[in-house]
Amino acid sequence: MNTTREAKGIEKNMSKATGKPMNGSTFLGSLYTVEAVLILNNNLGKASPEKEMGTGQQQQQQQDSGRVYVKYYTPPHTESEEAFNTLKKQIAFEKNLMSKTKKQDNEIMLLDNHLVLYKKCADVTLFLVGPISGNEILLNEAFGAFKGSLELVLNSSGIDRKNILEHYDMVLLAIDETFDNGIVLETDAAAIASRVSKPITQEPVQLDLDKGLLGAWGFAKSKLQELQQGL
Amino acid sequence: MSAQTYKKKYEISPSGDLPDKMTIYQDCMNTFNESPVNAKRCRLLISRLLRLLANGDTFPQNEATALFFSISKLFQHQSDSLRQSVYLAIKELSGISEDVLMATSSIMKDVQNGSDLIKPNALRSLTYVLDESTAFSAERLLKSAVVSKNPSISSAALCTSYNLLPISDVTIKRFANETQEAIVDLKQFVLLDEASEFYPTSTFTTQYHALGLIYQLKRNDKMALLKLVNQFSSGNALKNQFAMVQLVKIVDDLIHRDTQLISNFETLLTSWLDSKYESVQLETAKLITSFATHHSHLVGNRLFSNAVSTLQTMLSTPRVTSRFAALRVLNRISMVSPEKIVVCNPELESLINDSNRNVSTYAITTLLKTGTAKNISSLISTITKFFHEVSDDFKIIIIDAVRTLSLNFPQEWKPILDFLTDVLKNSEGGFNYKNSIVEAIIEIVSFIPQAKELAMEQLCDFIEDCEFNEILVRVLHLLGKEGPHTSTPSLYVRHIYNRVVLENSIIRSAAVVALSKFALIKNNTPLAESVVGLLKRISDDEDDEVRDRATISLKFIDSAKKNPVGEELLHSKYTYDLSSLEKKLTSYMSSNSDAFKTPFDVTSIPKYTEDEVKAMELKKKQQSFNSSTEELGTKFTDEAEETGKRLDSATYHGANLDEHSKDLQSTKYIDELLSIEQFKEFGSLINSSKTFPLTETEAEFVVNGVKHLFKEHVVLQFNITNTLTDVALDNVAVVCSSEDQESSELKELFTIPVDRLLPSEESACYVAFKKPEGVVMESFLNNLTFTTRELNPDTKLPFDDDEGFQDEYEIDPLVLNAGDYIKSSFVGDFSASFDELPNENVAVYNVQESMSLQEVIDKLIVNTSCLALENTQYAQNETNQHTLKLFGKSALNGTKIALIVKIVKSKKGIALKAQGRGEDATLSSDLVNGLM
């Protein structure tokens, strides 16, 4: 039993060696230096009580994954066998990440042949995953840009789960302006933040003129009430 | 809709729960198709949609296409804010939606006329909507964007071009000049919004993107790359550290293609080691040190020590990442040439207590590698001080490092053993931890004869109070194996019998087997008799297994006095090669030709004596230290964090796999060989060499050779691979002609050619010779002969009317030397064995080629097929001389042979003095005279 399994392993290795040329992400000097960017909930796997009340598949998923933001980069237009090509593998990797980083904030580590930089911020942890051969200091630079730009777009409120979810559009844009398919686009946090457009604050005011002044008053009143409740 | 319900429906985000997928889909479809577009709501919904996708959810293709279609309608709204979100959605959905091309024209319009905020987003989304057939249409847009003064626009165009390379490198190549200019051009960051609260600084990352793209475009042009390096390494052309690191990587690529180039780059590399950017320093140090592991003679000592001192400085920076990175490199060096980084020891020692556990783990494992015979005891006492404060996992890593230390410095066994016994007795810990300590001690018992008895006594003390059955059983087995050969066997008998009295049945049965081995000790009848007495008492045990084992043992002991079979069973002198035994048994079971009437033939399975097994183990361990260091590096940290049970198995396993696959491959060759009818009459195979290359690996036909020895025959096996894509080879054979035809003792019998070799196939051709009994050495000139047949590209078969034409291809010569008649073997005390052996032969060599000491040593080990003992397989780098101790056994008759080779390196070359002794006089002189 054992022998046959190992024999298969060899065949696989051999076919790998003689197989396709290296794809874009693996060779030295590729611009694709970032493999994934993740923001995970620190309480991964710990379901809050009200969630357990809920049923349905989607509830289940949110309980399990602990994902706040997740993006795995694959070089476009290549058929590659990436390490993270299925959701199952991704989730397993994230679980592993969380269990390894739960106790300590060591900033940098090697995991499953990846170089991982991470930082805990309140109730979430930011991760940047790079190839094992990556330049640690450059990745740290990129990680700094990622974290710094988030701090800037979330301004005074700081990085935590609630803020990220409230300003999810800005967070998405900031990350998109930092990495393009795993290429580091920009490393100056302020430059990144300045390219992130603010959400549209004003509801397009559409007054139905047929209703006249009274209608306008009613609209203004409801707006005011809304403001008051917000306070 | 009142404001209240609106708020409830769309702004429940604080709790963090998303509405379910269908609700989001419906909301998106409704809102995106509304007219006029409600920009605020759309942006909110898009981000909600993207969050759903980021959570791992996805949509069926038709729904995704509908979403994509609705989202592209939002292009009609002019808000940049909304537009940025739309681009995000387009990028995410393009992977799961159909008809993504329909968005192209809107995107291209934005690239041309959009605001400066939007242009980069539009450009970058082109990566997703274009394919092979449409990529060319973006040429003009990309080209004009590359030359833009705005770095964001230029970078976006460069990245998109880079992303599109696999499908349209022809298009991208058309603006290579513009790309090259973008490297030189320092583009200042443009703040788009005057009232912005941010103060960006220009990073000139565009240089990096342009350089990365140019490198891709010119990868196959060595001269162009050299020019590129020259142009951008001088002066201050590059401002961005990413770009500078990219340049280092280009140099790395260049020197790996042409190793001689390293001397041209020496000044440049030295200046990079002093770069103001740590990242550049690090990358350069990585380049130098990793290049040096493969081509040590090409890297000057100064350059290497400069690299090490750069790393050394990094060790004391406050930034964790830098310390970690520098340690990783140093750790890698420490596995190959620890003596080169001894200078870093003070820094390393101060990092032992680093608050970051990953850093301290690396520091300790590195320190243990750099330890020299002199400082081992002080190092061990340093470790002892903090050892009890760290966690179990961490302790295991340290124990593992200590155990490699014990193999590397066998003469320093005393402090190491003291340390191990101390931690074994005085610390609490789980199974994995204790097991790793016991394993380390067992290793000392097997490989360091001087330490054997003391180490075994320590183990005896340990099992008096051990709670883990598995460990107890292992120790008992060891005591049974080694105990009878010690000076005081009765001591072990007492310890073993105590277990029988006190422990559970599992341990009792293991103890019975161990005990029975003591009964056969020659010339100590009282002990043997009392063991028999003990066993008789045990045969009344309440447990079946224990009773049975005792009874069987008594029977064996009884019969051993009359016939040796019993003794052999009790005290096995050899073990079978397990993997081949398993394979043969499986095929025996499955073939079942005559209902198992013919008994299974054990003789065809290779047997190993204990010494041979030890030799193999030691070899594997030596290799595992050497093997892919990066892999090991991962394991270290991985293990540091791991709490599971993988730990002890993972340590060596990974490194061994490679070796194991080689073993398997060679058994495969042997099986193939023996299955060929013509070779059956040659009798049993005596020895097979390792596979060795006879051509460059890039050659049109790649040939590897294997030498097989039979008692009166030699078979040369040539594994031929056809790397051509459109040509098949017929009748492939190898013509071997002896270099010295006249005096050749070998008679060629026959050749088994390969009938047809299709593209990228591998097949073996055999050439058989008859040889007189005994050692015959010969060298062969080899020619590959074949008929080429062109292939029909449709059928992949040769054209019928193509006759093909004969061709020849010369491959490297092959030497049958004395080493092929030798199997490596282990002996505990080399000097004593050497002195005992008769028939001394001495030979002196001068090697003119420029080789490093290590290369000479490696070559000697391969040529002699002996095992290097006493850790002499590594040359110390600073010295110019080395003594290599080799030991082996003749494959023909099992006689021992030992070699001492003194190597001295001077300016003129390398001088070797080989001193060989062996029981077989001819073999010893043949070996000594055929070393190089």
Side-chain angles (χ1 to χ4, degrees), chain A residues 3 6-7 10 13 18 24 28-29 31 56 58 61-62 65 67 69-71 76-78 87 100 104 106-111 113 132 135-138 140 152 161-162 165-166 168-169 172-173 176 180-181 183-188 190-191 193-195 197-200 203-204 222 225-226, chain B residues 3 13-14 16 20-21 38-40 43 47 50-51 54-56 79-81 84-85 88 124 127 152 155 159 162-163 166-167 189 191 196 198-201 203 205 212 215 242 245-246 249-250 252-253 278-279 282-283 320-322 324-325 356-358 579 582-583 630 634 637 641 661 664:
Chain A
T3 342
E6 260 145 357
I10 296 165
N13 280 343
T18 54
L28 187 92
L31 285 184
Q58 166 251 347
Q61 189 158 21
Q62 282 193 359
S65 74
R67 287 178 165 189
Y69 174 84
V70 165
K71 180 81 190 160
H77 303 295
T78 48
L87 184 64
K100 292 290 155 61
Q104 276 166 325
N106 282 339
E107 290 182 41
I108 183 166
M109 65 171 177
L110 301 174
L111 183 71
N113 263 321
I132 189 108
N135 185 311
E136 292 87 344
I137 298 171
L138 284 189
N140 194 38
L152 286 177
R161 181 161 178 269
K162 180 166 163 282
L165 293 181
E166 265 175 26
Y168 207 68
D169 48 348
L172 287 171
L173 285 173
D176 183 62
D180 180 74
N181 284 309
I183 304 176
V184 177
L185 260 187
E186 176 59 72
T187 51
D188 185 60
S194 77
R195 289 203 30 83
S197 61
K198 292 259 169 1
I200 302 146
E203 188 81 25
S222 69
Q225 269 171 352
E226 198 179 310
Chain B
S13 46
D20 69 83
K21 190 162 111 184
N38 183 339
K40 180 183 179 182
R43 178 155 151 150
S47 73
L50 293 178
R51 212 184 123 201
N55 271 348
S79 158
D80 280 352
S81 219
Q84 272 197 317
S85 288
L88 284 182
R124 290 198 286 118
T127 302
S152 312
S155 281
C159 290
Y162 191 86
N163 290 332
I167 56 168
F189 193 81
L191 199 53
S196 168
F198 305 118
Y199 304 98
T201 43
T203 51
T205 320
Y215 171 55
F242 281 76
V245 169
Q246 186 70 21
K249 287 181 178 164
I250 296 176
D252 196 4
D253 185 11
E278 250 179 7
S279 51
L282 173 69
E283 197 65 36
V320 175
T321 329
S322 313
F324 181 84
N356 187 320
R357 210 171 62 170
N358 293 339
S579 62
E582 185 187 8
K583 217 162 158 198
E630 198 45 63
T634 334
T637 13
E641 326 254 310
S661 70
L664 264 180

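Chain A is the first sequence line, chain B the second, and so forth, proteins listed ahead of strands; every chain is numbered from 1.
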Toward chain B, the part of A/I183 with a non-hydrogen atom under 4.5 Å: side chain
Nearest heavy atoms of B/A54 and A/R67, plus distance in Å: O-NH1, 3.0 Å
Intermediate values then yes/no, side chain to side chain contact (heavy atoms under 4.5 Å, CB included), A/L172 and B/R51: CA-CA 9 Å; A/L172 287 171; B/R51 212 184 123 201; over 6 Å; no
Derivation of the side chain to side chain contact (heavy atoms under 4.5 Å, CB included) call for A/S197 and B/R43: CA-CA 11 Å; A/S197 61; B/R43 178 155 151 150; 2.8 Å; yes
Side-chain heavy atoms of A/D188 within contact of B/F189, under 4.5 Å: no
Best-contacting candidate, B/I167, B/D253, B/D80, against chain A by heavy atom pairs under 4.5 angstrom: B/I167
Region of B/S79 in contact with chain A, defined by heavy-atom distances below 4.5 Å: side chain
Test log, rule side chain to side chain contact (heavy atoms under 4.5 Å, CB included), inputs B/F198 and A/R195: CA-CA 10 Å; B/F198 305 118; A/R195 289 203 30 83; over 6 Å; no
Residue among A/D180, A/N140, A/T187 with most heavy-atom pairs under 4.5 Å to chain B: A/D180
Partner residues of B/S279 under the side-chain contact (heavy atoms from CB on, under 4.5 Å) criterion, sequence neighbours left out: A/N135, A/I137, A/L138, B/Q241, B/V245, B/Y277
Non-hydrogen side-chain atoms of A/L185 and B/T205 separated by less than 4.5 Å: no
Pairwise side-chain contact, B/Y199 with A/S194, heavy-atom cut-off 4.5 Å (strictly under): no
Side chain / backbone / both / neither for B/E278 at chain A, heavy atoms under 4.5 Å: both
Any side-chain donor near an acceptor of the partner, B/S85 and A/D169, under 3.5 Å: no
Stepwise side chain to side chain contact (heavy atoms under 4.5 Å, CB included) test for B/R124 and A/N181: CA-CA 10 Å; B/R124 290 198 286 118; A/N181 284 309; over 6 Å; no
Any side-chain heavy-atom pair of A/L31 and B/F242 under 4.5 Å: no
Which atoms of B/L88 approach chain A - backbone, side chain, both or neither, heavy atom under 4.5 Å: side chain
